[in-house]
Amino acid sequence: MYNILVIDDEKEIVDLVELYFRNTDYNIFKAYDGIEAINIIDKNKIHLAIVDIMLPNLNGYSVISHIRNSLNLPIIVISAKVEGYDKILALDLGADDYVTKPFDPLELIARVNAQIRREYGYSTSYENVNNLIEIGDLKLDIDACKLTKNNQEIQLTSTEFKIIELFMQNPNKVFTKKNLFESVWDEMYIAEDNAIMVQISKIRDKIEDNSKDPKYIKTVRGIGYKFERK
């Protein structure tokens, strides 16, 4: 279990990040100003800090400097400051990544996963050190780009693999159609686009015992889909 400290004076953002990390192997610490953040860092084992720049009492730049004076944990900045100067200053002070607001929480999770893997050499969420994810009778080998069911390989297109990888890395997390489309196709979602529905149907036909009564990929009515892990 990795301890992630989220520092932002906007409670809604902190709560949103906590919500999206709920079904991962991360424990979330929360701080709403710079002094509170430093107190948490000094008293707890924190593995990664997500830091806003514009904080009351002590700004994010000072928090980054404090961390770098004694610790080597990864730091990701989330900030409404979009000027190059602000990004350069944060990175020069020791930040490892910089994400501008508004941000996609799924992208933030991916960036956190990348920093944790880079710093600690371990896989995250439901992966093991070999980048294998096992849920039920399904096994996903990320390195080999291979999905098996009861040890029988299931042939997937590249798009299907991206979708199933995203699902299995985030079991029980609800994805909107917009989340899925923009994560997989890396393009802006068009509301009437039925590409996601078509891909989900194809994947269900391949992995479910009964695609009409799916065990894994569940439809969340009016919202999107989730990959169920019991």
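Computed from heavy atoms alone, side chains included, the values below leave out hydrogens, waters and symmetry copies. Predicted, not measured: the structure shown is a model, and the values here were computed from it.
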Ile164 and Ile203: CA distance, side-chain angles, deciding distance, side chain to side chain contact (heavy atoms under 4.5 Å, CB included) verdict: CA-CA 8 Å; Ile164 202 73; Ile203 295 171; 3.9 Å; yes

Are Glu119 and Asn72 packed together at the side-chain level, in the sense that at least one heavy-atom pair is separated by less than 4.5 angstrom? yes

State whether Lys162 and Glu160 are salt-bridged, where the test is any N-O pair (Lys NZ or Arg NE/NH1/NH2 against Asp/Glu carboxylate O) under 4.0 Å. no

Single-linkage hydrophobic cluster, 4.5 Å side-chain cutoff, Val14 and Phe29 together: yes

Could you go through the salt bridge (Lys or Arg N to Asp or Glu O under 4.0 Å) check for Lys226 and Glu228 one step at a time? CA-CA 6 Å; Lys226 70 174 181 177; Glu228 191 161 284; 3.8 Å; yes

Begin with the C-alpha distance, continue with both residues' side-chain angles, and end with the deciding distance and a verdict on side chain to side chain contact (heavy atoms under 4.5 Å, CB included) for Ile163 and Thr159. CA-CA 6 Å; Ile163 293 172; Thr159 299; 4.2 Å; yes

Pair Lys177 + Glu182: basic N to acidic O under 4.0 Å: no

Taking only Lys NZ, Arg NE, NH1 and NH2, and the carboxylate oxygens of Asp or Glu, determine whether Asp96 and Arg111 approach each other closer than 4.0 Å. no

Closer than 3.5 angstrom, by distance alone: can the side chain of Asn210 be matched with the main-chain N or O of Lys212 as a donor-acceptor pair? yes

Under 3.5 Å side-chain donor-acceptor pair for Tyr216 and Asp209: no

Which distance, rounded to the nearest 0.5 Å, do you find between the CD of Glu134 and the CZ of Arg229? 9.0 Å

Output, in order, the C-alpha distance, side-chain angles, deciding distance and verdict of side chain to side chain contact (heavy atoms under 4.5 Å, CB included) for Phe21 and Val112. CA-CA 10 Å; Phe21 277 90; Val112 167; 3.8 Å; yes

Does a side-chain N-to-carboxylate-O contact under 4.0 Å join Arg118 and Asp97? no

Looking at every heavy atom in both Ala90 and Val77, which two are closest together, and how far apart are they? CB-CG2, 4.1 Å

Note: Ala95 and Ile64 closest approach over all heavy atoms is N-CG2, 4.0 Å

Residues Tyr26 and Asn113: side-chain donor-acceptor under 3.5 angstrom: yes

Can the ring centres of Tyr225 and Phe167 be said to be less than 6.0 Å apart? no

Working to the nearest 0.5 angstrom, can you tell me the gap between Ile38 CD1 and Ile41 CD1? 6.5 Å

Looking at Glu18 and Lys30, is any side-chain nitrogen of the basic one under 4.0 Å from a carboxylate oxygen of the acidic one? yes

If every non-hydrogen atom of Met54 is compared with every non-hydrogen atom of Ala80, which pair is closest and at what distance? CE-CB, 4.0 Å

Leu147 side chain near Glu153 side chain, heavy-atom distance below 4.5 Å: no

Does Ile75 share a hydrophobic cluster with Ile28, counting links as ILVMFWY side-chain heavy atoms below 4.5 Å and allowing steps through other members? yes

Can you check whether Pro105 reaches Leu16 side chain to side chain, under 4.5 Å on heavy atoms? yes

Are Leu140 and Ile135 linked, directly or through intermediate hydrophobic residues, by side-chain heavy-atom contacts shorter than 4.5 Å (ILVMFWY only)? yes

Does atom NZ of Lys149 have more than 12 heavy-atom neighbours from other groups under 6.0 Å away? yes

Kindly determine whether Tyr61 and Asp86 satisfy side-chain hydrogen bond (donor to acceptor under 3.5 Å, both in side chains), including the steps that lead there. CA-CA 10 Å; Tyr61 296 129; Asp86 298 301; 3.2 Å; yes

Minimum heavy-atom distance between Lys218 and Pro214, given as atom pair plus value: NZ-O, 2.9 Å

Where is the tightest heavy-atom contact between Ile76 and Gln115, given as atom of each residue plus distance? CD1-CG, 4.0 Å

Linked, directly or transitively: Leu71 and Tyr2 (ILVMFWY side chains, under 4.5 Å): yes

Using a distance-only test with no angle check, is there a side-chain donor-acceptor pair under 3.5 angstrom linking Asn151 and Thr148? no

Assess whether salt bridge (Lys or Arg N to Asp or Glu O under 4.0 Å) is satisfied between Glu10 and Lys101, documenting all intermediate values. CA-CA 12 Å; Glu10 296 182 61; Lys101 297 178 182 178; 3.5 Å; yes

Would you confirm whether Asn59, through its side chain, and Leu55, through its main-chain N or O, come within 3.5 Å as a donor-acceptor pair? no

At their closest point, which heavy atom of Leu73 faces which heavy atom of Ala49, and how far apart are they? CD1-N, 3.7 Å

Side chains of Ile154 and Leu138: does their closest heavy-atom pair fall under 4.5 Å? yes

Are any non-hydrogen side-chain atoms of Ile13 and Ile78 less than 4.5 angstrom apart? yes

Decide whether Phe103 and Leu48 are clustered together by the hydrophobic rule: side chain heavy atoms of Ile, Leu, Val, Met, Phe, Trp, Tyr closer than 4.5 Å, transitively. yes

Residue pair Ile142 / Gln169, side-chain heavy-atom distance below 4.5 Å: yes

Take Leu5 and Ile50 through the test side chain to side chain contact (heavy atoms under 4.5 Å, CB included) and record every step on the way to the result. CA-CA 6 Å; Leu5 174 59; Ile50 298 172; over 6 Å; no

Is the shortest side-chain heavy-atom distance between Ile217 and Glu208 below 4.5 Å? yes

Would you call Leu106 and Lys173 a side-chain contact if the rule is heavy atoms closer than 4.5 Å? yes

More than 12 foreign heavy atoms under 6.0 Å from NZ of Lys215: is that the case here? yes

Interatomic spacing from CD1 in Ile196 to OG in Ser201 - rounded to 0.5 Å: 12.5 Å

